[in-house]
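Right, one structure below, let's go through it.
As the structure is a computational prediction, the values presented were derived from the model and not from experiment. Heavy atoms only: backbone and side chains are in, while hydrogens, waters and symmetry mates are out.
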Amino acid sequence: MSQPSDRAALYLRAFDQAISEHKDFRLHPERGREFVYVARELLTIPEDVARVVRKLAQNNIVAERGRDFAGMARLVLPPRNAEDVPDVVRLLRDPQQWPGERTPVVQPHHVLFGHGGNMHGHPGQPPRVAAPLADPDGTGSGLGKGVTVGIVDTGISATAGGDHPAWLGTAFLSRADEVDPAYSGGDVFAVEGGHGTFVAGVVRQAAPGVRFDPEKALDQFGLGTEEDFARALSAFDERVHVVNISMGCFTQGDVAPEPVRRSVAALPAGVVVVASAGNQGTARPSWPAALPGVTAVAAVAEERDGTRAPACYSNHGHWVDACAVGNRTSTFLRGRWVLPGLPDEVYDRFAYWLGTSFAAPHVAGRIAATMTQSGVSAAAARDQLLVGRPEFFPGYGVFVA
């Protein structure tokens, strides 16, 4: 049997390969300040475009205006500057470049990644084969009824309803543009294929009566841009009460990414956003979890004997609001996990996985369940679960059972 360390190292390598093989994505590898960005793209706000373009020209960089999104202006640098985005941002953020003027708003176009795996040097684990969950017993079928949770993720398996009729079958509207491709080829899973389907099952376990609305912001390798995120967050088919976001990004200078911030702020009033804190074992803020008003969720490890402790892989810090068990069994797909040098693992619709990705949807589901139990709004349900309660552990927030 393979050792966890073997699987972890190979899983991290698979993530690194997914980034390196993407023609448009780059990893800024500065230790402790890593982030992934879109090559050649610079984001600013419309009112700063002219000043930024002039400053770039003074430095022999001719930028072209690209397609705007989320209220942001996109500037495209020449091919020769494909790797220079971090240096260009550093230059443009330097107040000494703007004597007597406001420093412009400028950032890379960051790439977000799913928090079912780990990146940036902190290995994680792919899912494990798990025995099927028993069908819901019906005793909690009313929990979450009338509530819709938006799930921004890899999308949902094309076969989710048929594979899991009791858990997922009648809980969502199936749409072609929300399908998770899931596989890298044949029946072999991509690095985060099935991530959104797993998350949906966790939500339904916490609130068996809830509906969910899946929107696709990540590909099957667990990667998506801020533009993908903004598009997904504005595309819900139903009126959502809670939004679960099991993904995030680090940013240049740990500055809140403006398209992500604006997209979250544009959600209708009263919608509660729950986001995973990330799996790098650091206090460095992950976005959107670290945004004010977003419920950031860390992970707790639960042993077989029921004991619980802060998960060593979980991000944490003053910006984290809650924590929940991150190692769970949930709905998955049929297929194979293939890691070089290890035996193939064959899955039949269920998996065991760990990460803050799976702590967050439990909290989202518990908010939905509390809404129906107490007859309150999403915000009031969140506060009922979190406000006035002690931290589970410093930097991990309140434990949500």
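Using a 4.5 Å cut-off on side-chain heavy atoms (C-beta onward), P127 and F198 make no contact. With a 4.5 Å cut-off on side-chain heavy atoms, F332 and S157 do not count as touching. Looking at C323 and S314, their side chains never come closer than 4.5 Å, going by heavy atoms from C-beta outward. The closest side-chain heavy-atom distance from R239 to T148 is not below 4.5 Å. Looking at F250 and Q280, their side chains come closer than 4.5 Å, going by heavy atoms from C-beta outward. At least one side-chain heavy atom of V38 sits under 4.5 Å from a side-chain heavy atom of V111. In this structure, V152 and F236 have side chains that are in contact, with non-hydrogen atoms separated by less than 4.5 Å. Between V300 and F393, every side-chain heavy-atom pair lies at or beyond the 4.5 Å cut-off.
Using a 4.0 Å cut-off between charged nitrogen and carboxylate oxygen, D68 and R74 do not count as a salt-bridge pair. Contact check on E178 versus K216 returns no salt bridge, with no Lys/Arg side-chain nitrogen under 4.0 Å from an Asp/Glu carboxylate oxygen.
For R308 and F399, the positive end is not near the middle of the six-membered ring at less than 6.0 Å and at most 45° from its axis. Judged by the 6.0 Å and 45° rule, R51 forms a cation-pi pair with W98.
For the residue pair H28/R26, the side-chain donor-acceptor check at 3.5 Å is not satisfied. With hydrogens and angles left out, the side-chain atoms of T356 and N279 include a donor and acceptor closer than 3.5 Å. There is no side-chain donor-acceptor pair under 3.5 Å between Q107 and T251.
Listed by chain and number, the residues in a salt bridge (Lys or Arg N to Asp or Glu O under 4.0 Å) with D237 are R175 (sequence neighbours excluded). Residues that satisfy the salt bridge (Lys or Arg N to Asp or Glu O under 4.0 Å) test with R40, not counting sequence neighbours, are absent from this structure. Partners of E238 according to the salt bridge (Lys or Arg N to Asp or Glu O under 4.0 Å) rule, which considers only residues two or more places apart in sequence or in another chain, are R211.
Taking OH of Y313 as the reference point, atom NE2 of H115 lies at 12.0 Å (rounded to 0.5 Å). To the nearest 0.5 Å, atom CG of residue L42 and atom CG of residue L92 are 6.0 Å apart. For the atom pair T197 OG1 and L333 CG, the distance stands at 5.0 Å (nearest 0.5 Å). Rounding to the nearest 0.5 Å gives a distance of 9.5 Å between CZ of F113 and CD of E192. To the nearest 0.5 angstrom, F229 atom CZ is 13.5 Å from E227 atom CD. R204 CZ to L143 CG: the interatomic distance, rounded to the nearest 0.5 Å, is 11.0 Å.
Counting only distance, with no hydrogens or angles, the side chain of N315 and the backbone of A277 share a donor-acceptor pair below 3.5 Å. In this structure, S374 contributes its side chain and V376 its backbone to no donor-acceptor pair below 3.5 Å. Side-chain atoms of D383 do not come within 3.5 Å of backbone N or O of A380 as any donor-acceptor pair. S246 contributes no side-chain N or O that, together with a main-chain N or O of S276, makes up a donor-acceptor pair within less than 3.5 Å.
In summary, the aromatic rings of F358 and H195 are positioned with their centroids under 6.0 Å apart. Here the two rings, on Y183 and F189, have centers that are under 6.0 Å apart. Within the 6.0 Å centre-distance limit, the rings of H110 and F35 are counted as a close aromatic pair.
Counting heavy-atom neighbours within 6.0 Å of Q96 CD, excluding the residue itself, gives a total of 12 or less. A 6.0 Å sphere centred on CZ of R102 holds more than 12 heavy atoms belonging to other residues, nucleotides or ligands. Remark: R31 CZ is loosely packed, at most 12 non-hydrogen atoms of other residues, nucleotides or ligands lying under 6.0 Å away. Atom CZ of R389 has 12 or fewer neighbouring heavy atoms from other residues, nucleotides or ligands inside a 6.0 Å radius. Atom CD of E64 is surrounded by 12 or fewer heavy atoms from other residues, nucleotides or ligands within 6.0 Å.
No option in N59, V106, I61 other than I61 meets the side chain to side chain contact (heavy atoms under 4.5 Å, CB included) test with V88.
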